[in-house]
Amino acid sequence: MAARDLPFRDLVETFEKLEATTSGNEMVEILAGLFRRTPPEVIDLVCYFVQGDLAAEYEDVNLQIGERLMAEAIARASGRPREEIEKLYIEKGDYGLVAEAVLAGQGGAGSGDALTVRSVHERLLEVARQAGVGSQEAKLNLLADLLRQATPREARYLVRIALGTLRLGAGTMTLLNALAVAFTGSKRNKPRLERAYNLCGDVGLVAKKVAEKGLDGLAEIKIQVGHPIKMMAAQRVQRLEEIFEKMPDGFAVEWKYDGERVQCHKAGDEVVIFSRNLENITHQYPDVVEAIRQGLAAREAIVEGEVVALVPGTDDQFQPFQVLMSRRRKYDVERYVKEIPVKLLLFDVLYVDGRSLIDAPYPERRAVLERIVRRSPRLDLTARLVSRDPEEIEAFFEEAVERGLEGILAKSCAPDSVYRAGAREWSWIKWKRDYSLELVDTFDVVAVGGFAGRGLSLIHI
DNA sequence: ACCGTATGCTCC
DNA sequence: ATTCCGC
DNA sequence: GCGGAATGAGCATACGGT
């Protein structure tokens, strides 16, 4: 039996309404209306489309279509020369409007069978799948076909989705609010949806669960090893005293390393590494995979830390982020593993052998981490200081800066210092070197060089 | 097969 | 990541 | 204060000319 679907036209009408308002509340109402008439079978796809995507952010689905290729695709669909299309773009500043204009001039555009959410999604995925020799030609033909079958208004949004320029002003939080209104009757329940989203990083999945089973459905979204969890972020302060003001119940400070934040999932010998944006970057770090495989005394675990470039031949002299970035590659990885050794500094643990630690306070998580990590030259915990003495903390900060690190991170030790996936809250506060330098405004400060592992040498004039 | 160029996409 | 903007 | 959007440097991929 055929799964139910939604006319793409319906989605396009919603997009037009969203474009016509800047009010967040109104957007929530418009989207809630859309969700109520969307069959649950395709509600995940609708969510991705509203965000201008085809899948969850962490899925590696890319159209690989830019302005140039799009101009050519519109040219083919409309039968006009590409020069004319590009000229129109200079006038209008948006290929969506260009496509709409030239296809409207065509007369019979889109008179064939109507596009649906599912059919458009399948065909765009087909575009994304094209790779290798001749792939650009194949992408062009698929896109041009799709545009020919679209009405001019549909073409406007198809083009924007493909180019990643949809910009409706409705992001993830607006979507979650609208889902709460549509399926639980009230925005009040949005935090429940947000929590589920932060555990799975996939609005589409949250939408499907809540559309099919309401709030109970959300309980089915749990931490799964191998599925990335949205990362917690820190607030910022300019002055050390502010940390004391914001965290009266006590805190610990940790060095903030200048590297790449990673979330490592271990299931037996299987290890997967996710970037801050939840991209799967396992292939970039075979050495980190090995360190996790060997260095965690747990069968299953999800841990978080910072990967930092080392000065070759050392295990505690760090290089700046820029150096680490040449490790961001697909080929020649083994060569760069030798040339740019890295160290993983762990600072959190979210899951161990069947137990979620998300709701455990920070001191407990840190204790578990200390228990399961086998320290080595390539794997360690972040340097940490538990103190209430401002001078001691300042010295800890200064040492971090001297070593070329970014600064320090203060972490609340209060009972409510749980891991707030996806949130930026005051239970983590960063204090970075730039701000402290700004305070030294009676001096002119000149950076004269960045030496490996020793940070910037500074001269006061 | 080998180059430079154009295009698209990621991280802080 | 930081920054700006509108609600 | 929050949510949404914009932003620059370096690598990967495909193309097109030799």
Side-chain angles (χ1 to χ4, degrees), chain A residues 18-19 21-29 31 50-54 57-73 82 86 95 127-140 143 160 162-178 187 190-191 194 197 203 231 233-236 238 246 256-263 273-281 283-285 306-309 319-333 335-336 340 405-407 409 422-426 430 432-435 438:
Chain A
L18 288 173
E19 274 194 291
T21 180
T22 56
S23 152
N25 288 337
E26 206 174 319
M27 289 184 191
V28 167
E29 289 308 319
L31 283 169
V50 171
Q51 308 225 277
D53 288 326
L54 295 180
E57 306 147 74
Y58 63 81
E59 297 280 5
D60 192 21
V61 180
N62 283 311
L63 271 295
Q64 306 272 104
I65 294 289
E67 293 187 344
R68 272 319 171 69
L69 289 174
M70 184 54 80
E72 179 63 27
R82 201 184 83 187
E86 289 178 338
Y95 274 112
V127 173
R129 269 196 291 272
Q130 304 301 312
V133 176
S135 59
Q136 291 192 353
E137 184 64 19
K139 282 174 196 280
L140 283 175
L143 255 184
R160 289 180 186 168
L163 286 177
T165 57
L166 192 56
R167 265 158 263 184
L168 294 173
T172 307
M173 294 308 140
T174 312
L175 272 184
L176 292 174
N177 264 323
K187 262 166 84 160
K190 186 244 185 185
E194 190 174 346
Y197 166 69
V203 218
M231 296 198 200
Q235 284 286 9
R236 270 186 322 181
Q238 314 284 328
K246 297 286 186 184
K256 189 176 190 308
Y257 299 83
D258 187 18
E260 179 167 21
R261 175 138 175 215
V262 292
Q263 190 178 87
I273 302 175
F274 295 101
S275 72
R276 179 182 186 82
N277 289 0
L278 312 187
E279 299 286 331
N280 186 330
I281 52 169
H283 66 275
Q284 279 175 38
Y285 294 117
E306 192 89 359
V307 174
V308 197
Q319 305 205 70
F321 171 77
Q322 213 59 6
V323 174
L324 181 70
M325 277 302 90
S326 34
R327 284 287 297 266
R328 185 155 32 96
R329 62 178 58 247
K330 190 166 174 180
Y331 301 110
D332 260 357
V333 170
R335 196 182 116 211
Y336 282 82
I340 306 170
L405 310 188
E406 289 195 295
L409 211 57
R424 180 184 300 281
E425 289 183 356
W426 289 104
K430 61 188 163 193
K432 298 219 294 186
R433 105 188 119 193
D434 333 5
Y435 316 134
E438 278 167 19

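In the text below, chain A, chain B and the rest are named by the order of the sequence lines, each starting its count at 1.
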Quiz item: Within the pair A/Lys432 and C/dT2, is there a side-chain N or O less than 4.0 Å away from OP1 or OP2?
Solution: yes
Exercise. Specify the residue among A/Gln64 and A/Glu194 whose closest nucleotide of DNA chain D lies further upstream toward the 5′ end.
Key: A/Glu194
Quiz prompt | Phosphate-side-chain proximity, A/Asn62 and B/dT10, N/O vs OP1/OP2 below 4.0 Å | solution = yes
Quiz item: Just how far, in rounded Å, is C1' of C/dG6 from CE of A/Met27?
Solution: 10 Å
Practice problem: Using a 4.0 Å heavy-atom cut-off across all strands, classify A/Gly132 as base, sugar-phosphate, or nothing. | Solution: sugar-phosphate
Quiz prompt | Rounded interatomic separation in angstrom, taking CD from A/Glu26 and P from D/dG4 | solution = 16 Å
Exercise. Classify the nucleic acid contact of A/Ile281 as base, sugar-phosphate or nothing, counting any heavy atom under 4.0 Å across all strands shown.
Key: nothing
Exercise. Tell me whether the OP1 or OP2 atom of B/dC11 has a side-chain N or O from A/Arg276 closer than 4.0 Å.
Key: no
Quiz prompt | Check: A/Ser275/A/Glu260 side-chain N/O donor and acceptor closer than 3.5 Å | solution = no
Exercise. Take atom P in D/dG8 and the same atom in C/dC5, then report the distance between them in whole Å.
Key: 16 Å
Quiz item: Can any side-chain N or O of A/Glu306 pair as donor or acceptor with the backbone N or O of A/Gly259 at less than 3.5 Å?
Solution: yes
Quiz item: Nearest-Å distance, CZ (A/Arg82) to C1' (B/dT7)?
Solution: 12 Å
Self-check item: Length of the line joining A/Gln284:CD and D/dA12:C1', which is rounded to integer Å
Solution: 12 Å
Self-check item: A/Leu63 CG - B/dT7 P separation (whole Å)
Solution: 17 Å
Practice problem: For D/dC2, take OP1 and OP2 only and decide whether either is under 4.0 Å from a side-chain N or O of A/Lys190. | Solution: no
Practice problem: Quick one: label A/Asn277 by what it contacts on the DNA or RNA (base, sugar-phosphate, nothing), any heavy atom closer than 4.0 Å. | Solution: sugar-phosphate
Quiz item: Does A/Ser275 place a side-chain N or O at less than 4.0 Å from the phosphate oxygens OP1/OP2 of B/dC11?
Solution: yes
